[in-house]
Asks: 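So that we are looking at the same thing, I have put the structure below in structure tokens.
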Amino acid sequence: MRTHQCGELRSDDIGQTVSLTGWVGRRREHGEHLAFVDLRDHTGITQCVINDDVDVRSEYVVRITGVVRARPEGTVNDSLPTGQVEVGECEVEILRKATPPPFPVDARADGVDENIRLQHRYIDLRRERMQRNLRIRSAVNAAVRKAMERQEFVEVETPMLVPSTPEGAREFLVPSRKEHGAFYALPQSPQLFKQLLMVGGVDRYYQIARCLRDEDLRADRQYEFMQLDMEMSFVGQDDVLDAVSEAVLDAAEAVTGERPGPIERMTWLEAMERFGVDKPDLRFGMELVELTDVFSATEFKAFAGAEAIKGIKVDGAAEEYGRNQLDKLTDKAKSAGAKGLVWLKCTDDGVDSPVAKFLSDDEVSAVKAAMGAETGDLILIVADAWMTTCEVLGTLRNDLGRPPVHQGPYRYVWIIEFPLFVGVDKESGRPKPGHHPFTMPHPDDVDKFDTDPMAVRSIAYDLVLNGWELGSGSIRIHEPELQQKVFTALGITAEEADRKFGFFLNPFEYGAPPHGGFAFGLDRLVAILAGEDNIREVIAFPKTQNGTDPMTNAPVEVDPRQLADLGLKVLPKID
RNA sequence: GGUCUCGUAGCUCAGUUGGUUAGAGUGCCGGCCUGUCACGCCGGAGGUCGCGGGUUCGAGUCCCGUCGGGACCGCCA
């Protein structure tokens, strides 16, 4: 139907008779016998000059045949790639009339209520931004797939109808028609199957896998999302990190044209100490500064005896933060778990602070020296349990200094050596697994299982980009003795382990190779590479924060006969 | 489950201390226009002020509830 696309024609094409297809954008009429029509497709816009009295309107789908010619002197449009030329002597074929769109099909729609864009997503997708995002996504998928194939990974598809598993995210359930009361679950990840593929001798598995989790939605979370899921046999941590790095760096290069340098590594402990989070945003400073020793002999009760005292410095912010804002910061710190927040405004001869009178001159000057503070800087200090101190300041640091996620430069970092156990389950009093219960403990820490379990590190790792967690993985336990040790530390009896995880672990008896893997979220990577701070912008048909689709109206009630078939009865909502 | 925030014309918004017939831009429809490109000029249509209740002589405006969108906390092994 067409000889060229709408973004293609250049001066070199002058004289050619061409056919273009697309949607009618803006039109500028000058009486009955001259009209300019901007014809648009996913490649761009070409101006067509129409001399007949043809009724073409916004978003009509048309085929225009005409002759490419140079624009008359003084009418060249430098803001269009095709602006040197136009198509004249046009014959217009209307392929489909259209009603006017509810919002403009151009950059002005960026400001339109997202709900309305989603209601008419098929129109929204015609826009340059959306077309670009879809194509970036496709390029990332292609690059990732190519990188995995090159590294001899085998793409294996795993089932979408799987058994419900006891741990982890809330699952979507699918009722069985054959056995009323029995349900499939939709996979929150292919975790179970990919490890069994290793037992099955596949050696290196990957899949661009759809994962489903029935948890509340966010800017970076949808019910359904895509992961590059992979697993490899007979490897250690470095092999996994290298293989994933290849895929991620290839994807970044495919989109930006520039290959990022090798991805740096940081231990979980260092990330917490310096940035107060396990997904540090390395694009800005404001690092946490250790102050515990400075106050080792302090008279100030709020500091005395605290496990950890740390501070962050906000450059030159002393003036701009009034009492009101400082109170808000304090509230923020408290809601993040701190007992309080101490602020110091640096002056020429000391500090201005409600607690200044409790601090000795030596302490004040030691703090300023440790923080590298100058007059006009604002210092925020938290004294609490080590984890709390780190986390609270990490939250404040992100609140005060973090740029939008897509703002360059890209800072990839591997966070390694996560703790094997994190915190304590409120109900059972048992330690909770940091990653999952099949994660390999760090070999140097195995003797700490009995003495100090919370200090045991694991061979688990996260990939972080600009403060967003892209994904995580681990080397898995493949020996039953070690697995038993972990279960014991988690307070899981042999009987309970068999009941909960038997279907998963029993196959290991038939010969599980040492193996490990990783999974990272493609939506998040694509969003950041596309310069978006919301993954809905890189998903063709996303859901709202409430999990609904304004276009299809899903979820919807179903016919009672369907429910009867499935042996289901809907109960009234309880408030 | 919680905190915050938004909801007025197709779209983006303004709307005074609670006071006459709720406005603008843009889009849409009609007319004029032979070199525009955010074309221009003239005219017109277009409103359940999200919904329900309350206070009041009088509510877009104040109060309560509710629905919908968004950000975040909880949650996401």
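Within every chain, numbering begins at 1; the chains are lettered A, B, ... in the order of the sequence lines, protein sequences first and strands thereafter.
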Asks: What nucleotide, of B:C76, B:G27, B:C72, holds the atom closest to the side chain of A:Arg218?
Replies: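 For the A:Arg218 side chain, the nearest candidate turns out to be B:C72.
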Asks: Taking only the side-chain heavy atoms of A:Arg27 (C-beta and beyond), determine which of B:C29, B:U12, B:C37 contains the nearest atom.
Replies: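 That would be B:C29.
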Asks: Can you figure out which of B:A77, B:C11, B:G35 approaches the side chain of A:Glu86 most closely?
Replies: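 Given the options B:A77, B:C11, B:G35, the side chain of A:Glu86 is closest to B:G35.
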Asks: Can you figure out which of B:C72, B:C37, B:G70 approaches the side chain of A:Asn534 most closely?
Replies: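 Comparing B:C72, B:C37, B:G70 against the side chain of A:Asn534, the answer is B:G70.
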Asks: For A:Glu29 and B:C37, what is the distance between atoms CD and P respectively, to the nearest whole Å?
Replies: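 My rounded result for the distance is 14 Å.
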Asks: Now, which nucleotide makes the Watson-Crick or G-U wobble pair with B:C4, with each of the two distances under 3.5 Å?
Replies: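 Result: B:G70.
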Asks: Heavy atoms from C-beta onward define the side chain here; which of B:C76, B:C39, B:C29 lies closest to that of A:Arg57?
Replies: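 So the nucleotide nearest the side chain must be B:C29.
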Asks: Taking only the P atom of each, what is the distance from B:U26 to B:C64 in whole angstrom?
Replies: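 Looking at atom P only, B:U26 and B:C64 are 39 Å apart.
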Asks: Closest approach to the side chain of A:Phe36, judged atom by atom: which nucleotide of B:G1, B:U36, B:A71 is it?
Replies: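 Nearest to the side chain of A:Phe36 among the choices is B:U36.
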Asks: Rounding to an integer number of Å, can you tell me how far A:Ile535 CD1 sits from B:C76 P?
Replies: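 In whole Å, B:C76 P lies 18 Å from A:Ile535 CD1.
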Asks: If you check the A:Arg26 side chain, which of B:C11, B:C37, B:A38 turns out closest?
Replies: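 Selected nucleotide (nearest to the side chain): B:A38.
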Asks: Does the side-chain ring of A:Phe103 lie flat on the base of B:C11, meaning centres under 5.5 Å and planes less than 30 degrees apart?
Replies: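 No, the aromatic ring of A:Phe103 does not stack with the base.
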Asks: Are OP1 or OP2 of B:G27 and a side-chain N or O of A:Arg108 less than 4.0 angstrom apart?
Replies: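 No, because none of the side-chain N or O atoms of A:Arg108 sits under 4.0 Å from OP1 or OP2 of B:G27.
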Asks: Just checking A:Tyr184: does its OH atom have more than 12 heavy atoms from other residues, nucleotides or ligands closer to it than 6.0 angstrom?
Replies: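 No, because the 6.0 Å sphere around OH of A:Tyr184 holds 12 heavy atoms or fewer from other groups.
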Asks: Name the orientation class of the two ring planes belonging to A:Phe418 and A:Trp268 (parallel below 30°, tilted from 30 to 60°, perpendicular beyond 60°).
Replies: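 Geometry flag for A:Trp268 against A:Phe418: tilted rings.
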Asks: Distance check needed: B:G31 P versus A:Glu32 CD, whole Å only.
Replies: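 Distance, rounded to whole Å: 10 Å.
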Asks: Partner lookup for B:G40, please. Criteria are Watson-Crick or G-U wobble with both distances under 3.5 angstrom; report none if nothing qualifies.
Replies: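 Matched B:G40 with B:C32 under the 3.5 Å cut-off.
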Asks: Under 4.0 Å between any heavy atoms, over every strand shown, what does A:Glu114 touch: base, sugar-phosphate, or nothing? Just pick one.
Replies: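 Sugar-phosphate, backbone atoms only, no base.
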Asks: Just to confirm, is there a sub-4.0 Å distance from OP1 or OP2 of B:C76 to any side-chain nitrogen or oxygen of A:Ser189?
Replies: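 No, no such contact exists.
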Asks: Expressed in angstrom and rounded to an integer, what is the separation of A:Asp113 atom CG from B:C11 atom C1'?
Replies: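 From A:Asp113 CG to B:C11 C1': 10 Å.
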Asks: What is the distance, rounded to the nearest whole Å, between atom CD of A:Glu89 and atom P of B:U34?
Replies: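 So the two atoms are 20 Å apart, to the nearest Å.
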Asks: Within the structure shown, what part of the strands sits under 4.0 Å from A:Asn546 by heavy-atom distance: base, sugar-phosphate, or nothing?
Replies: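 The answer is sugar-phosphate, as A:Asn546 gets under 4.0 Å only of primed atoms, P, OP1 or OP2.
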Asks: Over all strands shown, is A:Ile116 touching base, sugar-phosphate only, or nothing at heavy-atom distances under 4.0 angstrom?
Replies: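 It contacts sugar-phosphate atoms only.
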Asks: Examine B:G7: is either OP1 or OP2 under 4.0 Å from a nitrogen or oxygen in the side chain of A:Asn115? Give yes or no.
Replies: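 False: A:Asn115 side-chain N/O out of range (4.0 Å or more) of B:G7 OP1/OP2.
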Asks: Tell me the interatomic distance from A:Gln227, atom CD, to B:C76, atom P, rounded to whole angstroms.
Replies: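 One finds 16 Å between P of B:C76 and CD of A:Gln227, rounded.
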Asks: How close or far is atom P of B:U26 from atom CG of A:Asp110, stated in whole angstroms?
Replies: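 The answer, rounded to whole Å, is 20 Å.
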Asks: So does A:Arg28 get a side-chain nitrogen or oxygen closer than 4.0 Å to the phosphate oxygens (OP1/OP2) of B:C39?
Replies: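 Yes, such a contact exists.
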Asks: Please report the distance separating the P of B:U8 from the corresponding atom of B:A14, rounded so that it comes out in whole Å.
Replies: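 Approximately 10 Å lies between the P atom of B:U8 and that of B:A14.
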Asks: Any base atoms under 4.0 Å from A:Ala219, or only sugar-phosphate, or nothing? Heavy atoms, all strands.
Replies: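 A:Ala219: backbone/sugar contact only, no base atoms under 4.0 Å.
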Asks: What does A:Gln191 touch in the nucleic acid at a heavy-atom separation under 4.0 angstrom: a base, only the sugar-phosphate, or nothing?
Replies: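 Counting heavy atoms under 4.0 Å across all strands, the contact made by A:Gln191 includes a base.
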Asks: On RNA chain B, compare the nucleotides closest to A:Gly31 and A:Ala169; which residue's is nearer the 5' end?
Replies: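 Mapping each residue to its closest nucleotide by heavy atoms, the 5'-most match is A:Gly31.
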Asks: Can you check the distance between B:U17 and B:G53, where both ends of the measurement are the P atom (answer in whole Å)?
Replies: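 Result for the P pair: 28 Å, nearest Å.
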Asks: Please state whether the phosphate of B:G69, meaning OP1 or OP2, lies under 4.0 angstrom from any side-chain nitrogen or oxygen of A:Thr544.
Replies: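 Yes, such a contact exists.
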Asks: A:Glu171 has an atom CD; how far is it from atom C1' of B:A77, in whole Å?
Replies: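 So the CD-C1' distance, A:Glu171 to B:A77, works out to 12 Å.
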Asks: So, A:Gln222 and A:Asp523: side-chain donor and acceptor under 3.5 Å apart, yes or no?
Replies: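 Note: A:Gln222 and A:Asp523 side chains miss the donor-acceptor criterion.
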Asks: Taking any strand in view, what nucleotide pairs with B:G25 in a Watson-Crick or G-U wobble way, both distances under 3.5 Å?
Replies: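 Base-paired to B:C11.
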Asks: Quick one: label A:Arg213 by what it contacts on the DNA or RNA (base, sugar-phosphate, nothing), any heavy atom closer than 4.0 Å.
Replies: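 It contacts sugar-phosphate atoms only.
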Asks: Taking the six-membered ring for Trp, are A:His515 and A:Phe508 closer than 6.0 Å centroid to centroid?
Replies: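 Between A:His515 and A:Phe508, the centre distance is under 6.0 Å.
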Asks: What's the closest nucleotide to the side chain of A:Asp216 if the choices are B:C75, B:C28, B:C37?
Replies: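 Of the candidates, B:C75 comes closest.
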Asks: Need one value for A:Pro72: base, sugar-phosphate or nothing, where a base atom within 4.0 Å counts as base even if backbone is also close, heavy atoms only.
Replies: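 The answer is base, as A:Pro72 lies within the cut-off (heavy atoms under 4.0 Å) of a base atom.
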Asks: Given B:U36, B:A77, B:U12, identify the nucleotide with an atom nearest to the side chain of A:Gln47.
Replies: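 That would be B:U36.
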